[in-house]
Amino acid sequence: MFELLGITPQGLVAQLLVGLINGSFYAILSLGLAIIFGLLNVINFTHGAQYMLGAFISWIGLTQLGMWLGQPDFVMNYWVSLFLTPIIVAMIGIAIEKTMLKRLYHLDHLYGLLLTFGLALVMEGMFRHWYGISGESYPVPEILQGGIQLESLGLFLPKYRVWVIAASLTVCLGAWYLIEKTKLGNYLRAGTENPKLLQALGINVPLMITLTYGFGVGLAAFAGVLAAPVFQVNPLMGSNLIIVVFAVVVIGGMGSIMGSIVTGLGLGLLEGLTKVFYPEASSVIIFVIMAIVLLLRPAGLFGKEK
């Protein structure tokens, strides 16, 4: 069959791997969006900019932080960056939530969307002014350089790609377990449905909401650090991805944690297959699927009808 279509098994597996990598980024980014929307009821259009911010902070820590500190030999290596960058971006997100977003919770979704869209444009514009749009490269960590030769398939499997997939799955499933299977997750969900009752039990609901937003933003930054060695770090990397990620969230079901994870990975693989069999459709296949799902099941594949 592959011979008739002019496609080798090696080419198919290689493209599926690319699709799985893209799906890993779709999953972790859509998870952050789903958490913020599902628990805070906010459409966070700054998510792509926060993903870009995570990649840039990681790159700056590696290339420029030493000069800023007056110690040219000092660098923030990849592993330290992978831990610290999501915390830094989460703190920025918390500042945004405390000063701006919390004033809009009682208003229509449109106000939050417009505010976050404007903030995304400001962040992107700042980094375009400082660094241009040509992009900056980020080296793969030494321990993850090279790859594994799969003789039976005739494929070379880059170690860093495997790490991206494993890290994304681990974080996504960990977040799902935290929200769906723990007492903290029960409090978070209860806080969105009946915050007054939860406050009567002594739970600080405003703080919980703020930390939830910070957690969702931190997921975007974590994805940005993972993406830095795969894609060029540039101010447009978030805006190029965020529309696709919103489509993933809509298909999976707005606010559905597991829906975002499964749909992100599945659509990444489908996109990879489309690039093999019909490359011209690969850039629109996700939006075609979204249109079909909205026609047949407006709440999304994993969403709950209201």
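Sorted by first and then second residue, the side-chain hydrogen bond (donor to acceptor under 3.5 Å, both in side chains) pairs involving residues 53-62 (not counting sequence neighbours) are S58-S81, S58-Y138.
Under the 4.5 Å side-chain criterion, counting only non-hydrogen atoms from C-beta, L178 is in contact with L184. Side-chain contact between L82 and F222: present, with at least one pair of heavy atoms (C-beta onward) separated by less than 4.5 Å. In this structure the side chain of L20 never reaches within 4.5 angstrom of the side chain of L16, judged on heavy atoms. Looking at L169 and L265, their side chains come closer than 4.5 Å, going by heavy atoms from C-beta outward. In this structure, Y78 and P139 have side chains that are not in contact, with every pair of non-hydrogen atoms separated by 4.5 Å or more. You'll find the side chain of L219 reaches within 4.5 Å of the side chain of V171, heavy atoms only. Looking at heavy atoms from C-beta onward, T116 lies out of side-chain contact with I96 at the 4.5 angstrom threshold. V248 places a side-chain heavy atom less than 4.5 Å from the side chain of T263.
Note: the hydrophobic cluster containing L104 does not contain L114 (ILVMFWY, side chain heavy atoms under 4.5 Å, direct or indirect links). Placement of L269 and V244 within a single hydrophobic cluster is found when ILVMFWY residues are connected by side-chain heavy-atom separations under 4.5 Å, directly or transitively. Hydrophobic clustering of Ile, Leu, Val, Met, Phe, Trp and Tyr side chains at less than 4.5 Å, counting indirect connections, unites W130 with M237. I43 and M100 fall within a single hydrophobic cluster, where Ile, Leu, Val, Met, Phe, Trp and Tyr are joined by side-chain heavy atoms under 4.5 Å apart, directly or via other members. Criterion: ILVMFWY side-chain heavy atoms under 4.5 Å apart, direct or through other members. Under it, M254 and L294 are part of a common hydrophobic cluster.
For Y160, the OH atom sits in a packed shell: over 12 heavy atoms of surrounding residues, nucleotides or ligands are nearer than 6.0 Å. Counting non-hydrogen atoms of other residues, nucleotides and ligands closer than 6.0 Å to CD of E280 gives a total above 12. Counting non-hydrogen atoms of other residues, nucleotides and ligands closer than 6.0 Å to CG of L121 gives a total above 12. The local environment of CZ in F117 is sparse, with at most 12 non-hydrogen atoms from other residues, nucleotides or ligands closer than 6.0 Å.
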Note to self: Between T63 and E136, does the side chain to side chain contact (heavy atoms under 4.5 Å, CB included) criterion hold? Intermediate values first, please.
What the structure shows: CA-CA 10 Å; T63 61; E136 305 289 348; over 6 Å; no
Next item on the list: Might you work through the side chain to side chain contact (heavy atoms under 4.5 Å, CB included) test for V250 and V293, ending with a clear yes or no?
Entry: CA-CA 9 Å; V250 170; V293 169; over 6 Å; no
Next item on the list: Verify side chain to side chain contact (heavy atoms under 4.5 Å, CB included) between Y131 and I60, making sure each step is shown before the conclusion.
Entry: CA-CA 11 Å; Y131 298 105; I60 290 169; 3.4 Å; yes
Check: For T210 and K102, what are the C-alpha separation, side-chain angles and deciding distance, and is it a side chain to side chain contact (heavy atoms under 4.5 Å, CB included)?
Finding: CA-CA 9 Å; T210 299; K102 75 172 185 178; over 6 Å; no
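Residues I21 and R161 approach most closely at CD1-CG, 2.6 Å, considering heavy atoms. Taking all atoms of both residues into account, the shortest heavy-atom contact from L226 to P229 is O-CD, 3.4 Å. Shortest non-hydrogen contact noted between K275 and S282 is CG-CB, 3.3 Å. Of all heavy-atom pairs between S256 and F302, the closest is OG-CB, 3.3 Å. Across all their heavy atoms, M208 and T212 have their closest contact at O-OG1, 2.7 Å. The minimum heavy-atom distance linking R128 with I133 is given by the pair NE-CG2, 3.6 Å.
Across N44, L33, T46, a single residue satisfies side chain to side chain contact (heavy atoms under 4.5 Å, CB included) together with I242, and that is L33.
Atom CD1 of I251 sits about 11.0 Å away from atom OH of Y26, to the nearest 0.5 Å. Between the CD1 atom in I289 and the CD1 atom in I286 there is a gap of 9.0 Å [rounded to 0.5 Å]. Here the CZ atom belonging to F56 is positioned 11.5 Å from the CE atom belonging to M126, to the nearest 0.5 angstrom. Rounded to the nearest 0.5 Å, atoms NE2 (H47) and CE (M52) are 13.0 Å apart. Atoms CD1 and CD1, on I257 and I179 in that order, are 4.0 Å from each other to the nearest 0.5 Å. Here CD1 of I94 is found 13.0 Å from CD1 of I209. Values are rounded to the nearest 0.5 Å.
In this structure, the side chain of Q145 engages the main chain of V140 through a donor-acceptor pair within 3.5 Å. With hydrogens and angles disregarded, a donor-acceptor distance shorter than 3.5 Å links the side chain of S239 to the backbone of L236.
For I243, the side-chain contact (heavy atoms from CB on, under 4.5 Å) partners two or more places apart in sequence, or in a different chain, are F45, F287.
Between W79 and W163, the ring planes lie perpendicular to each other; the angle is over 60°, past the 30° to 60° tilted range.
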